[in-house]
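We count residues from 1, following the sequence as given. Note that this is a predicted model, so its numbers are computed, not measured.
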Amino acid sequence: MAGCSSCSTTTGSSGGCQNNGTCGTSDCNKMNAFDWLSHMGIPVVDKFDIVEVKFKGGRKEYYRNVDHLHLTTGDPIVVDVPNGHHVGWVSLQGELVRLQMQKRKVRDDDNILRIYRVANQKDIEKWEEAKNREVPTIYRTKQIIDELNLNMKLSDVEFQADNSKATFFYSAEDRVDFRELIKLLASEFKIRVEMRQISLRQEAGRLGGIGVCGRELCCSTWIHDFKSVSTSAARYQNLSLNPTKLSGQCGRLKCCLNYELDTYMSALEDIPNVEKALLTEAGPARLQKTDIFRKLMWFSYNNENNWFSITCERVKEIQALNAKDIKPFDLQNDHAKDAEDKISQSNMELEALDKKFSTTTKKKKKKKKPRNGDGTQANSERQNPQKTAAANPNRPGVKTEPREGGIRDRNRNNKPARRNPNQKPQNGTGSENPAKPNSPKARVNPNPNSPANEEKKPQENRPKKKRFPPRNKGGQNDKGDQNG
C-alpha cells in the first residue's frame with residue numbers, strides 16, 4: 001500500500017487522513033473531492049447515511065452506513081459486494097453525497113449495499129496479499145491473449161479483497177469473443193473472472209500520466225463523466241486542426257478543448273460572418289485572420305502579403321455598403337477625400353514633431369577658451385589689461401619684477417606664439433620657402449660673435465634656449481661637422 005505520512009498508512013493502521021487534506025499519493029489523492037459542506041453546521045439528526053467509497057483506479061460507489069459508524073475521510077472500510085467483501089476508502093460523506101447522487105442519477109433504494117466495519121489490520125494484510133497478485137496476473141494474461149490472437153488490449157486487473165474474484169479491464173475497437181479466454185484464466189488462477197470493457201479515455205484515467213501542460217491528466221484526477229469532444233471546438237477557437245496536437249495520450253481529442261469553448265462562443269456573437277470578399281475600389285479584400293477577443297479582423301487585397309486590420313463594426317459597415325452595390329474607397333475610408341484628409345493630418349503631425357525636435361532649437365555648444373598653466377584664461381589680459389593690472393598690482397602687463405624667492409615671473413603674453421599648421425614656415429631671411437640643410441644659408445656660423453648671430457640673440461625677457469647644430473645627413477662637408 002502506498003505510504004502517506006498524514007494517513008499513517010505506512011504502518012497499515014486505519015488512521016485515515018483525519019481531515020488533514022490530500023495525501024499526494026495515488027491511493028488517497030486520485031479522484032478526490034472537497035467537502036465544502038462539512039463546516040456548514042447542518043443538524044446531526046438529518047445527516048445523510050450514504051457514504052461515497054473509492055476503490056482502485058478512481059472508481060467510486062455508494063454504500064449505506066447502517067450501523068452509524070464514526071467515519072472520517074480516508075478511512076479504510078470493509079463493504080459488501082456480490083459474493084464476498086471488498087476494501088475501499090471513504091472519499092465523501094454528508095449532504096454533499098446527496099448532491100453527487102442526484103448529479104449521477106443514482107437512486108436511493110435497496111440496491112445500495114451496506115458497510116460492514118472499519119478495516120482492521122488483518123483485513124489490510126489480506127487485501128495486500130490479493131493486490132500483490134495483480135502484476136504477475138497482467139503479464140500472464142497478455143501472453144494468453146497473444147496465444148489466442150484476440151484483438152483486445154488489457155489495461156488493468158483488480159483483485160477483490162477476499163481473493164476470490166478478479167476484474168479484468170480491457171479496451172477493443174470491435175466486439176471480442178473472450179469465452180475461451182475466461183475458461184483459461186479461471187483454470188489458471190483459480191478465481192472467478194469478470195471481463196469489463198472500458199473506453200480509451202477511461203483507460204488513460206486508470207493508468208494516469210502527465211499531460212502536455214505539465215500537470216496530471218484530468219481524466220485521472222477529477223473528471224468523472226466524459227463528454228464528447230469534436231473538431232468544431234478547435235475550429236471555433238482558431239486552433240490548428242493538426243490531429244497530433246489536438247490528441248491526448250488516449251489517442252482521442254483532448255478533453256480540455258471544451259474548457260474555454262463557452263467563452264469563445266459568447267465572444268463570437270459580436271463578430272460578423274464573412275463568407276465572401278469585401279468589395280472596395282482598391283480591390284476585393286479577403287479575410288486572413290480574426291482576433292476574437294480584441295474584435296479585430298485582418299484583410300488583404302488580392303491575397304497580397306500586406307494585411308490591413310479593421311474593427312468588426314467597420315466590417316459590418318462595408319458589408320452594408322456592398323449590399324447596396326456601393327464600393328468604399330478602401331477598407332478604412334469611404335471616400336478618397338477622407339483618405340487625403342488623414343494623410344494631410346498625419347503630415348502636419350510629422351511637421352510639428354520635426355519642428356519640436358529640429359536642430360535649430362538645440363543649444364549651441366560654447367567654445368572652450370585656451371587656459372594658462374595657472375587656470376586663468378589667456379585672453380583675459382589681452383582683452384582688458386587695465387582690469388588685470390588692477391586686480392594683480394604685483395604683476396604688470398609687460399615688465400617683470402623679481403619676487404622674494406629670487407624667481408623671475410615672466411609675462412605669459414611674451415611667450416612665443418604657437419605655430420599655425422596651415423601657415424607656411426618662414427626662414428630668417430623672410431622667404432617663404434625654408435632653406436635646405438645643405439645650402440650655405442642653413443649652415444650655422446661657428447663664430448658666436450658674428451653680427452648675424454647678435455641679431456638672433458634672444459631678448460632678456462625670453463628664456464635662453466640651447467641651440468644645437470643640424471645633424472649630418474650626408475650633404476654637409478666634414479669641416480661643417482667639426483665646427484658644429
Side-chain angles (χ1 to χ4, degrees), residues 21-38 52 54-62 73 91-92 95-106 155-156 169 171 173 197-274 287-298 311-312:
T22 57
C23 302
T25 60
S26 59
D27 290 332
C28 299
N29 192 31
K30 196 170 186 179
M31 295 291 183
N32 60 344
F34 176 70
D35 189 0
W36 51 274
L37 291 176
S38 59
E52 185 184 67
K54 179 175 61 179
F55 298 96
K56 180 184 176 182
R59 180 172 60 90
K60 294 182 179 181
E61 295 182 6
Y62 298 96
T73 303
S91 60
L92 203 63
E95 290 296 323
L96 196 59
V97 179
R98 190 197 303 271
L99 299 178
Q100 292 289 339
M101 293 178 63
Q102 293 177 0
K103 180 180 178 181
R104 299 185 182 184
K105 299 180 180 180
V106 178
S155 301
D156 194 10
F169 299 91
S171 59
E173 296 181 356
Q197 185 176 0
I198 59 176
S199 64
L200 295 177
R201 298 184 187 275
Q202 293 175 343
E203 178 185 359
R206 293 187 65 88
L207 298 179
I210 304 297
V212 294
C213 58
R215 299 173 61 91
E216 292 186 52
L217 297 179
C218 299
C219 55
S220 64
T221 52
W222 63 274
I223 293 182
H224 304 284
D225 301 327
F226 298 98
K227 298 181 180 180
S228 61
V229 184
S230 60
T231 56
S232 60
R235 190 178 294 106
Y236 286 131
Q237 301 177 39
N238 287 339
L239 297 177
S240 175
L241 299 179
N242 189 356
T244 58
K245 294 183 179 180
L246 298 178
S247 301
Q249 294 188 2
C250 58
R252 298 292 186 267
L253 293 177
K254 296 178 182 178
C255 299
C256 56
L257 291 176
N258 291 334
Y259 293 171
E260 300 178 357
L261 182 59
D262 296 338
T263 305
Y264 276 89
M265 294 298 294
S266 61
L268 286 171
E269 294 178 356
D270 300 332
I271 295 179
N273 186 15
V274 181
L287 179 64
Q288 300 294 340
K289 180 183 175 182
T290 303
D291 193 335
I292 298 175
F293 296 104
R294 294 175 61 189
K295 308 296 183 182
L296 293 177
M297 304 179 74
W298 277 265
T311 60
C312 296

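- Taken to the nearest 0.5 Å, the OG1 atom of Thr244 stands 8.0 Å off from the CG atom of Leu246.
- No more than 12 heavy-atom neighbours from other residues, nucleotides or ligands sit within 6.0 angstrom of CZ on Arg294.
- Between Ser199 and Arg252, every side-chain heavy-atom pair lies at or beyond the 4.5 Å cut-off.
- Residues Gln249 and Gly209 come closest through the heavy atom pair OE1-CA, 4.3 Å.
- For Ser228 against Asn258, the heavy-atom pair with the smallest separation is O-ND2, 3.5 Å.
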Should Lys56 and Asp156 be marked as a side-chain contact (heavy atoms from CB on, under 4.5 Å) after you check the CA-CA gap, both sets of side-chain angles, and the distance that decides it?
CA-CA 10 Å; Lys56 180 184 176 182; Asp156 194 10; 3.3 Å; yes
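- Under the 4.5 Å side-chain criterion, counting only non-hydrogen atoms from C-beta, Thr311 is in contact with Leu296.
- Using a 4.5 Å cut-off on side-chain heavy atoms (C-beta onward), Glu203 and Cys250 make no contact.
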Test side-chain contact (heavy atoms from CB on, under 4.5 Å) applied to Tyr62 and Gln100, step by step: CA-CA 10 Å; Tyr62 298 96; Gln100 292 289 339; 3.5 Å; yes
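- The structure places CZ of Arg59 at 12.0 Å from CD1 of Ile198, a figure rounded to the nearest 0.5 Å.
- Ion pairing of Arg98 with Glu95 is present here, as a side-chain N (NZ or NE/NH1/NH2) and a carboxylate O approach within less than 4.0 Å.
- Residue Lys289 places its NZ atom among 12 or fewer non-hydrogen atoms of other residues, nucleotides or ligands, all under 6.0 Å distant.
- Residues Lys295 and Ala267 come closest through the heavy atom pair NZ-O, 2.9 Å.
- In this structure, the separation between OG on Ser171 and CG on Leu200 is 5.5 Å, given to the nearest 0.5 Å.
- Between the side chains of Glu216 and Thr221, not a single donor N or O lies within less than 3.5 Å of an accepting N or O.
- In the displayed structure, Tyr236 atom OH is contacted under 6.0 Å by at most 12 heavy atoms of other residues, nucleotides or ligands.
- Among all heavy-atom pairs drawn from Leu257 and Ala233, the shortest one is O-CB, 4.1 Å.
- In this structure, CZ in Arg215 is found 11.0 Å from OG in Ser220, a value given to the nearest 0.5 Å.
- Relative orientation of the Tyr264 and Phe293 rings is perpendicular, given thresholds of 30° and 60° on the angle between their planes.
- Atom CG of residue Leu217 and atom CZ of residue Arg206 lie 14.5 Å apart, to the nearest 0.5 angstrom.
- A pairwise comparison of heavy atoms in Cys312 and Ile271 identifies SG-CG1, 4.0 Å as the closest pair.
- At distances below 3.5 Å, at least one donor-acceptor pair connects side-chain atoms of Lys254 with backbone N or O atoms of Lys245.
- Rounding to the nearest 0.5 angstrom, the gap separating the CG atom in Leu253 from the OG1 atom in Thr231 is 7.0 Å.
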